[in-house]
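A short worksheet on the structure shown next.
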Amino acid sequence: HGVVNNAGIMGATFFDDLLNVEQYKEVVEVNTFGVIRVTQALKHLVKKTRGRIVTVSSAAARLGFLGMGPYTVSKFAVSGYCEVIRQELRYFGVSVHVLEPGMFKTPMAADGNVKSRLDQMWDSATETTKQDYGERFFK
């Protein structure tokens, strides 16, 4: 048996000044706790057959990308979780692997989707934050 974790959302993207804790929680709920839930639900089968667990993370698990706070936090956490279970499951002959692909053109990173998310972020920003950055910076 094996488990492949490969799901994720980008969530809100912009500078931390325009984000709130709920936006971080939304991304971590899917990207981090989703991996943990799936892994824990199936781990007993993997242990029985000395299988493997593979988690698709991101290059964002190693480097904080400007404007991608929630996503980066979630991927750092995924890598940390996998590092811990890698050590724990070694005693059962289970291998744990993390794949960290770079940027690819997917619907998550499509120009229209990114622009839409950025427009929503700017529209919901406080007037103080808008003044701090200015419309020119945003555009």
Side-chain angles (χ1 to χ4, degrees):
H1 291 92
V3 173
V4 177
N5 293 302
N6 183 28
I9 61 172
M10 180 77 69
T13 53
F14 206 69
F15 285 21
D16 189 65
D17 286 347
L18 278 82
L19 302 174
N20 60 53
V21 171
E22 292 307 313
Q23 291 164 317
Y24 277 87
K25 285 181 176 180
E26 176 188 20
V27 178
V28 170
E29 183 65 36
V30 173
N31 295 359
T32 304
F33 290 118
V35 166
I36 293 169
R37 278 190 207 91
V38 169
T39 301
Q40 287 186 342
L42 300 170
K43 190 177 1 172
H44 69 284
L45 296 172
V46 177
K47 285 166 59 177
K48 282 182 185 178
T49 60
R50 302 172 65 89
R52 71 183 55 168
I53 297 170
V54 178
T55 299
V56 180
S57 181
S58 168
R62 293 186 176 264
L63 177 66
F65 289 116
L66 179 73
M68 293 176 55
Y71 184 78
T72 300
V73 166
S74 73
K75 295 304 182 172
F76 265 80
V78 162
S79 288
Y81 173 69
C82 289
E83 182 60 32
V84 168
I85 65 170
R86 175 182 296 119
Q87 295 173 51
E88 295 173 355
L89 294 175
R90 179 178 48 197
Y91 296 106
F92 298 94
V94 173
S95 62
V96 177
H97 310 270
V98 177
L99 304 178
E100 297 173 342
M103 300 300 247
F104 291 91
K105 275 226 180 253
T106 67
M108 187 175 7
D111 290 345
N113 291 337
V114 172
K115 183 181 180 331
S116 174
R117 285 193 306 270
L118 290 173
D119 287 342
Q120 289 173 358
M121 295 298 302
W122 185 253
D123 291 344
S124 67
T126 66
E127 286 305 314
T128 302
T129 302
K130 287 180 180 180
Q131 289 173 3
D132 285 349
Y133 286 91
E135 182 111 8
R136 183 173 177 206
F137 176 86
F138 173 72
K139 291 198 183 293

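- Val27 places none of its side-chain heavy atoms less than 4.5 Å from the side chain of Val73.
- Of all non-hydrogen atoms in Leu19 and Phe14, the two that sit nearest each other are CD1-O, 3.7 Å.
- Applying the side-chain hydrogen bond (donor to acceptor under 3.5 Å, both in side chains) criterion to Thr72, with sequence neighbours excluded, gives no partner residue.
- The closest side-chain heavy-atom distance from Thr13 to Tyr71 is not below 4.5 Å.
- Closest of all the heavy-atom pairs between Lys130 and Ala125 is CE-O, 3.6 Å.
- Between Tyr133 atom OH and Thr128 atom OG1 the span is 12.5 Å, to the nearest 0.5 Å.
- Atom-to-atom distance recorded for Ser74:OG and Glu29:CD is 11.5 Å, nearest 0.5 angstrom.
- Grouped by direct or indirect side-chain proximity (heavy atoms under 4.5 Å, Ile/Leu/Val/Met/Phe/Trp/Tyr only), Val54 sits with Val4, Val56, Leu99.
- Residue-environment remark: CZ (Arg62) stays at or below the threshold of 12 foreign heavy atoms within 6.0 Å.
- Under the 4.5 Å side-chain heavy-atom criterion for grouping Ile, Leu, Val, Met, Phe, Trp and Tyr, Ile9 is not connected to Val21 through any hydrophobic cluster.
- No path of Ile, Leu, Val, Met, Phe, Trp and Tyr side chains, each step under 4.5 Å between heavy atoms, connects Met10 with Phe76, placing them in separate hydrophobic clusters.
- Residues Val35 and Val98 do not share a hydrophobic cluster, clusters being chains of Ile/Leu/Val/Met/Phe/Trp/Tyr side chains in contact below 4.5 Å.
- Note: Asn5 CG to Arg37 CZ = 12.0 Å, rounded to the nearest 0.5 Å.
- Grouping the Ile, Leu, Val, Met, Phe, Trp and Tyr side chains by contacts below 4.5 angstrom, directly or via other members, places Val28 apart from Val84.
- Judged as a salt bridge (Lys or Arg N to Asp or Glu O under 4.0 Å), the pairs with a partner in residues 66-84 (not counting sequence neighbours) are, in order, Glu83-Arg86.
- Side-chain contact between Lys48 and His1 is absent, with no heavy-atom pair separated by less than 4.5 Å.
- Smallest separation of non-hydrogen atoms from Pro101 and Ser57: CD-O, 3.9 Å.
- Atoms CZ and CD1, from Arg90 and Ile85 in turn, are 13.0 Å apart once rounded to the nearest 0.5 Å.
- Taking CD of Glu26 as the reference point, atom CG of Asn31 lies at 9.5 Å (rounded to 0.5 Å).
- One distance of note links OG1 of Thr126 with CG of Asp132; it measures 7.5 Å at 0.5 Å rounding.
- Contact check for Lys43 versus Leu89: side-chain heavy atoms found under the 4.5 Å cut-off.
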